[in-house]
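Notes to accompany the following structure.
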Amino acid sequence: MSKGLTSRSDDYSQWYNELVTKADLAEHSAVRGCMVIKPYGYSIWEKMQAALDQMFKDTGHSNAYFPLFIPKSFFSKEASHVEGFATECAVVTHYRLKNDGKGSIVVDENAKLEEELIVRPTSETIIWNTYKGWIQSYRDLPILVNQWANVVRWEMRTRLFLRTAEFLWQEGHTAHATAQEAIEETERMLEVYADFAENWMAMPVVRGRKTASERFAGALDTYCIEALMQDGKALQAGTSHFLGQNFAKAFDVKFANKEGKLDHVWATSWGVSTRLIGALIMAHSDDSGLVLPPKLAPIQVVIIPVHKTEAELDQITAIAKELSAQLKKRNISVKYDSRDTQRPGFKFAEYEMKGVPVRLAIGARDLENGTVEIVRRDTKEKQTINRDNLDQFIEDLLGDIQSNIYAKALRFRNQNTREVNSYDEFKRVLDEQPGFVSAHWDGTPETEKQIKDETKATIRCIPLNNKQEEGKCIITGKPSSQRVLFARAY
RNA sequence: CGGGGUGUAGCGUAGCCCGGUAUCGCGCCACAUUUGGGAUGUGGAGGUCGUAGGUUCGAAUCCUGCCACCCCGACCA
């Protein structure tokens, strides 16, 4: 691992890129826009998956798996859906290679597929094609299914975790007998995402709805959680869609209700992706490296011995083992790093880079005094404390770090959310004090587009439970009943 | 996909304009001394110069195609 990290103030995006590789989370692969998620990065994803998966199950969902490939014709069945994804699909046209006789492998033109297969950019179509066979009666509803999968979107410009051509995600796809029930599901899953973002990732989010032009292709309504990154840009962290009967109509999925009448099924879909790891990085990390919330940290506590003699190391190891056992009983993950190939200072820097929340150092002094040196990653505050009841102390400290980084992120967001009342002020705030900008808007796509074209700011969402107040659109001066949240976004 | 830039050892780089088989630092290996914030010394290993062609007696260097990454733009549930 090389020294140092570009500071956030010098070059935020370089800081991000360096951090991802230096913290050993991921690296570029040989394939354009596709990344290798390294073991340390993947273990964060596994932690996220475990927590989310439990939340999905607690809300009644089951996991299933659908194919990677989707017949091309499926995409043309829902008009706005194809429009949204057509320009970024990977297409399989052949099923065989052959030797060209000159030492190269070429596509066998004789092995052309009758119908091309699309590598899924999202699975609504293949799933609704399948649901048609599962649903006849209201007794078959609701269907509450989630899938953990990879998807491919041929993005023109990619960034590790934030936007990659292939990414990992989960996509929930539910089917309901009534619009009301589907809307409730959409809102329930948005709340699951918000809960996860805030209580696991320690990242405050705004719950809201997208404007018509920002909606998912094929949705009647798109709900989202929006987070604010440290550079003042917004990041869409999760979406939950009310799909109405669009996909049921496109795939002819009808059910008989209690009165024996046929109706199309109501649908939702919702997803979060490995982009959350990008969000996690940008929400909390500093110029020394990653800062992880304890609940998602693969290693919560690292113990580093500082010794001069083998005898000292033996004593420290005995203490570390006992302490590790105590912590493991409390479900705290511990790593004892007794490598003698690296010196303590190197290890301190390394675990800071990797965001381990709590670091203990035990040395000769501590052997003599019955103490340890304990350092918390979020504030880097260092103290020497007695080893009595250390496991309880650490458990409390991890809880404190979790709430402290949330509070810090919340403070940052509050300080960087500004109400403005004129377009001049809007533009000035965007340039000088990036963050969320709350302003009145006349509700038209034309005004929204003008603002986007002129300032690169988009309407991130119309916050749920928004305060209703009389106001005037900052562009047209037309009346508006509520403010919406603008920002430049990832 | 358009404009600009970059690609030389695991990482960061010099050399390129003006052609003669590659510089330095970190890291790596061995040994010794070290170990409470990224150790020091001595010795050593490691390179199809992104890739495929072309020009040339000779290419990291000049020319062309391709690939990847970075920045700007367009695009982006």
Side-chain angles (χ1 to χ4, degrees), chain A residues 1-6 11-14 16-18 21-22 27-35 78 80-89 104 120-124 151 153-160 162-165 167 169 171 210-219 221-224 235-243 269-273 275 288-289 304-310 312-313 316 337-353 359-369 371-375 380 382 384 452-453 456 458 489-490:
Chain A
M1 186 179 300
S2 53
K3 270 190 188 179
L5 187 62
T6 298
D11 186 337
Y12 191 83
S13 80
Q14 194 179 338
Y16 177 85
N17 289 334
E18 286 181 11
T21 51
K22 289 187 176 179
E27 62 188 39
H28 290 286
S29 69
V31 184
R32 180 200 135 83
C34 296
M35 64 178 168
E78 213 291 327
S80 57
H81 191 66
V82 66
E83 208 172 303
F85 288 103
T87 57
E88 53 180 36
C89 287
S104 287
R120 62 181 168 215
T122 180
S123 300
E124 275 78 6
V151 288
R153 297 180 188 178
W154 214 260
E155 300 288 355
M156 289 296 114
R157 207 171 155 187
T158 60
R159 297 196 66 191
L160 293 172
L162 295 174
R163 177 172 284 110
T164 46
F167 56 92
W169 78 343
E171 46 182 326
K210 288 294 188 188
T211 60
S213 51
E214 297 275 335
R215 245 175 231 152
F216 174 73
D221 206 352
T222 288
Y223 291 68
C224 63
L235 184 79
Q236 177 177 300
T239 47
S240 184
H241 314 291
F242 171 55
L243 302 173
S269 70
W270 28 274
V272 295
S273 71
R275 179 181 240 204
S288 302
I304 297 169
V306 183
H307 63 284
K308 289 191 170 62
T309 65
E310 284 300 311
E312 275 173 12
L313 180 61
I316 294 166
D337 186 353
S338 60
R339 285 178 298 173
D340 62 359
T341 50
Q342 312 293 350
R343 300 166 86 247
F346 180 92
K347 295 177 187 175
F348 295 165
E350 182 179 8
Y351 291 108
E352 258 164 31
M353 185 65 81
R359 181 183 86 222
L360 303 181
I362 308 175
R365 281 202 308 258
D366 302 300
L367 292 177
E368 205 165 303
N369 302 331
T371 55
V372 297
E373 180 188 271
I374 186 164
V375 181
K380 296 192 189 165
K382 188 182 285 189
T384 299
K452 184 181 177 183
D453 290 346
K456 293 185 202 162
T458 50
Y490 279 95

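It should be emphasised that the depicted structure is a prediction, and the values quoted were computed from it without experimental measurement. Within every chain, numbering begins at 1; the chains are lettered A, B, ... in the order of the sequence lines, protein sequences first and strands thereafter.
Distance A:Gln14 CD to B:C11 C1': 14 Å, rounded to the nearest Å. B:G37 atom P lies 17 Å from atom CD1 of A:Ile374, rounded to whole Å. In this structure, the CG atom of A:Leu235 is 13 Å from the C1' atom of B:C76, given to the nearest Å. Between A:Glu27 atom CD and B:G10 atom P there is a gap of 13 Å when expressed in whole angstrom units. Protein atom CZ of A:Arg343 is 9 Å distant from nucleotide atom C1' of B:U40, rounded to whole Å. Separating the NZ atom of A:Lys22 from the P atom of B:G10 is a distance of 17 Å, rounded to the nearest angstrom. For A:Lys380 and B:G38, the NZ to C1' distance is 13 Å, given to the nearest whole Å. Computed from coordinates, the A:Gln342 CD to B:U40 P distance equals 14 Å when rounded to whole Å.
Listed nucleotides: B:G38, B:C69, B:C71. Nearest to the side chain of A:Ala349: B:G38. The side chain of A:Phe346 lies closest to B:G38 when the candidates are B:G37, B:G38, B:C71. The listed nucleotides are B:G37, B:C75, B:G36; the one nearest the side chain of A:Arg359 is B:G37. Residue A:His28 has its side chain nearest to B:C70 when only B:C76, B:G36, B:C70 are considered. Counting only heavy atoms from C-beta on, A:Arg163 has its side chain closest to B:C76 among B:U35, B:C76, B:C28. Residue A:Arg157 has its side chain nearest to B:C72 when only B:C72, B:G37, B:C28 are considered. Here B:G36 is the nucleotide among B:C76, B:U35, B:G36 with the atom lying nearest to any side-chain atom of A:Arg365. Ranking B:C1, B:G36, B:C69 by closeness to the A:Glu373 side chain, first place goes to B:G36. Counting only heavy atoms from C-beta on, A:Arg32 has its side chain closest to B:A68 among B:A68, B:U35, B:G38. Checking B:C28, B:A39, B:G37 against the side-chain heavy atoms of A:Phe348 singles out B:G37 as nearest.
If you check the side chains of A:Thr371 and A:Glu373, you find no donor sitting under 3.5 Å from an acceptor. Checked by atom type, the side-chain pair A:Ser288/A:Lys380 shows a donor-acceptor distance below 3.5 Å.
Base contact: A:Gly363 has a heavy atom under 4.0 Å from a base atom. Heavy atoms of A:Lys382 sit under 4.0 angstrom from at least one base atom. Using a 4.0 Å heavy-atom distance criterion, A:Gly33 is classed as a sugar-phosphate-only contact. Counting any heavy atom pair closer than 4.0 Å across all strands shown, A:Ala361 reaches a base atom. Within the 4.0 angstrom heavy-atom criterion, base atoms lie near A:Ala364. Within the nucleic acid shown, A:Asp366 comes within 4.0 Å of at least one base atom, counting heavy atoms only. Contacts of A:Phe167 with the nucleic acid, taken as non-hydrogen atoms under 4.0 Å apart, include base atoms.
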Audit row: A:Ser80, A:Arg215, side chain to side chain contact (heavy atoms under 4.5 Å, CB included) steps and yes/no:
CA-CA 11 Å; A:Ser80 57; A:Arg215 245 175 231 152; over 6 Å; no
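Across every strand in view, B:G2 sits in a pair with B:C72 that passes the Watson-Crick or G-U test at under 3.5 angstrom. Across all strands shown, B:U23 forms no Watson-Crick or G-U wobble pair with both key distances under 3.5 Å. With a 3.5 Å ceiling on both atom-pair distances, the Watson-Crick or G-U wobble partner of B:U40 is B:A32. With both pairing distances under 3.5 Å, B:G53 is matched to B:C63 as a Watson-Crick or G-U wobble pair. Nucleotide B:G47 is matched to nothing when pairs are restricted to Watson-Crick or G-U wobble geometry with both distances under 3.5 angstrom.
Residue A:His307 places no side-chain N or O under 4.0 Å from the OP1 or OP2 atom of B:U34. Within the structure, every side-chain polar atom (N or O) of A:Ser13 is placed at least 4.0 Å from both OP1 and OP2 of B:C70. Contact annotation: A:Arg159 side-chain N/O to B:C69 OP1/OP2 distance is not under 4.0 Å.
Annotation for A:Trp154: atom CH2 does not count as buried by contact number, only 12 or fewer foreign heavy atoms lying within 6.0 Å.
In terms of modelled atom types and a separation under 3.5 Å, the side chain of A:Asn17 and the main chain of A:Gln14 share no donor-acceptor contact.
Look at the C1' atom in both B:C1 and B:G12: the space between them is 32 Å, to the nearest Å. Between the C1' atoms of B:A30 and B:C69, the separation comes to 37 Å (whole Å). Taking the C1' atoms as reference points, B:C24 lies 27 Å from B:U34, given to the whole Å. Rounded to whole Å, the P atom of B:U13 lies 33 Å from the corresponding atom of B:C31. Spacing between B:C49 and B:G7 at atom P, rounded to whole Å, works out to 14 Å. Taking atom C1' in both B:G38 and B:G4, one finds a spacing of 37 Å when rounded to whole Å. Comparing the same atom, C1', in B:G20 and in B:U33 gives a spacing of 45 Å after rounding to whole Å. Taking atom C1' on both B:A14 and B:U8, the two are 10 Å apart, rounded to the nearest angstrom.
When side chains are defined from C-beta on, A:Glu78 does not count as touching A:Glu124, because their heavy atoms never get closer than 4.5 Å.
The glycosidic torsion of B:U21 lies within 90° of 0, which places this base in the syn conformation.
Taking 4.0 Å as the cut-off between side-chain N and carboxylate O, A:Arg120 and A:Glu171 do not count as a salt-bridged pair.
The one candidate from A:Lys22, A:Arg339, A:Arg343 that meets the salt bridge (Lys or Arg N to Asp or Glu O under 4.0 Å) condition with A:Glu350 is A:Arg339.
Each of A:Arg275 and A:Asn17 was matched to the nucleotide of RNA chain B holding its nearest heavy atom; the match closer to the 5' end belongs to A:Asn17. With the nearest nucleotide of RNA chain B identified for both A:Ala30 and A:Gly238, A:Ala30 has the one nearer the 5' end.
For B:G37, the base has a donor-acceptor partner in the side chain of A:Glu352 [N/O atoms by modelled type, under 3.5 angstrom].
The cationic group of A:Arg359 lies under 6.0 Å from the six-membered ring centre of A:Phe348 and within 45° of the ring axis, placing it in a cation-pi geometry.
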